[in-house]
Amino acid sequence: MKRLLGPEFLMIPGPTSLPDRVRTAMSSPAMDFSGEAFAALAERAFRGLKPIFRTEGEIFLYAANGHGAWEAALANCLQPGETVLVPETGLFARVWRQMAADLGLETQAVETDWRHAVAPERIEAILRDDTAGRIKAVMVVHTDTAASVCSDLRGVRAAIDAAGHPALLMVDAIASLCTTDFAMDDWGIDVTVAAAQKALMVPPGLSIVAAGPKALERCQAGRHLPGSYWMWQARLGKLLYQRFCGTAPIQHVAALGEALAMIEEPGLPAVIEQHRRLAAMVQAAVERWGSTGFLEFNALVPAERAASVTSVRVPGDFDAERIRDHARLRYGLTIGGGLGPLKGQIFRIGHMGFLNEAYVLGALGVLQATFRDLGLPVGDGALEAAIAATTASPG
Ligand SMILES: *Cc1c(COP(=O)(O)O)cnc(C)c1O
């Protein structure tokens with residue numbers, strides 16, 4: 001099939017659609033990385049990020065993707081041979097753990113079926129048994145984008161505290177930030193990792209790490225893996241050349257400032273509420289489609305379903321890529337596929353960032369047409385249910 005006229009309707013869980021304001025900011029001219037104009041942009045970004053993470057801690061910006069932010073968090077807080085505990089809620093948790101192992105850390109997974117979050121009691125039990133204090137950090141992926149499972153971070157913090165364990169709590173909030181409630185300081189999170197290209201609506205290539213006092217103490221004590229680009233100590237310097245460990249990604253920082261302004265205009269709570277509403281629409285549709293048993297949510301517990309992405313499973317003898325291909329080639333909608341071992345078994349509807357009801361209803365309508373074209377036995381009433389979910393919500 002030939003691609004037809006019209007925009008690409010992009011609903012993958014990152015990179016997300018770019019607002020025109022952000023794209024315009026990306027075309028900012030070259031400027032002196034130590035001059036006043038860039039200093040104002042950098043200051044604006046560093047200042048604006050703190051309320052997004054809800055932290056008074058330090059913010060570090062890297063010219064890197066989410067994997068870079070993962071490595072930065074590990075490199076600053078841990079040293080070779082130390083042990084980290086990783087609840088494995090999906091592929092992203094697995095890959096972050098593998099990175100820790102590659103960097104020379106001992107890793108211990110808390111396994112799941114990738115359809116449930118890890119019960120905090122399991123984490124508590126493991127930490128209680130660790131009387132020697134071997135475990136130095138618990139690494140949690142807040143929303144695992146592959147599984148669309150969202151973990152209860154307050155529950156994990158409570159588990160660490162109940163065990164009286166000193167491990168740091170390190171969180172990957174790449175796919176949850178700005179889409180669901182998140183409060184780094186209030187929830188006792190020591191390190192948060194984020195990336196620009198999800199709900200922050202900025203092109204890929206910029207990542208963010210926020211560090212609280214316990215994490216900063218660790219890096220200052222020199223207790224860290226070898227590395228230089230990632231190191232917080234140098235980046236705490238006054239010069240922008242130090243803060244960015246070299247030339248800053250100027251256009252990305254300008255774009256981030258514009259995206260932050262777009263979030264500040266309605267306010268973060270309204271942005272989070274909008275994500276909740278859009279997720280409720282998608283979930284209402286999937287619920288109806290699933291009533292015949294052909295499709296089902298990957299995340300089995302409703303309260304654990306992510307506000308930013310929905311993974312939908314198909315039967316074992318059906319290739320989910322057929323749905324993706326048809327929606328893209330016939331109707332111009334791009335959704336995500338299954339990652340790693342889930343390839344062909346699920347499709348993923350991304351609903352984060354620069355989106356609204358029109359996009360979501362459009363995507364759900366395209367999926368409805370795709371199911372019809374492919375003759376798939378899904379349940380009726382999905383679009384009506386999605387529309388009902390718009391009116392059932394406040395605001
Ligand atoms: C997208 C994503 C990543 C990886 O980010 P990259 O920029 O592709 O390195 C990591 N964790 C989560 C939860 C993600 O959604």
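Worth saying up front: this structure is predicted, and the values here are computed from it rather than measured. Whatever order the structure lists ligands and atoms in, that order sets their numbers, starting from 1.
Among protein residues, N65, G66, H67, W70, F92, V141, T143, T145, D172, I174, A175, Q197, K198 come within 4.0 Å of ligand 1, judged on heavy atoms.
Annotation: salt bridge (Lys or Arg N to Asp or Glu O under 4.0 Å) contacts involving residues 92-111, sequence neighbours excluded, comprise E88-R94, E88-R97.
Residues that satisfy the salt bridge (Lys or Arg N to Asp or Glu O under 4.0 Å) test with R128, not counting sequence neighbours, are E124.
Among E287, H351, R305, the one residue that satisfies the side chain to side chain contact (heavy atoms under 4.5 Å, CB included) test with V282 is H351.
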Give the table of side-chain donor-acceptor pairs shorter than 3.5 Å for residues 29-40, with sequence neighbours excluded, one pair per line with atom names and distance.
| unit_1 | atom_1 | unit_2 | atom_2 | d |
| --- | --- | --- | --- | --- |
| D32 | OD1 | S34 | N | 2.8 |
| D32 | OD1 | S34 | OG | 3.0 |

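Closest approach of Y331 to R372, counting heavy atoms only: OH-NH2, 3.5 Å.
Using cut-offs of 30° and 60° for the angle between ring planes, the W70 and W96 rings count as parallel.
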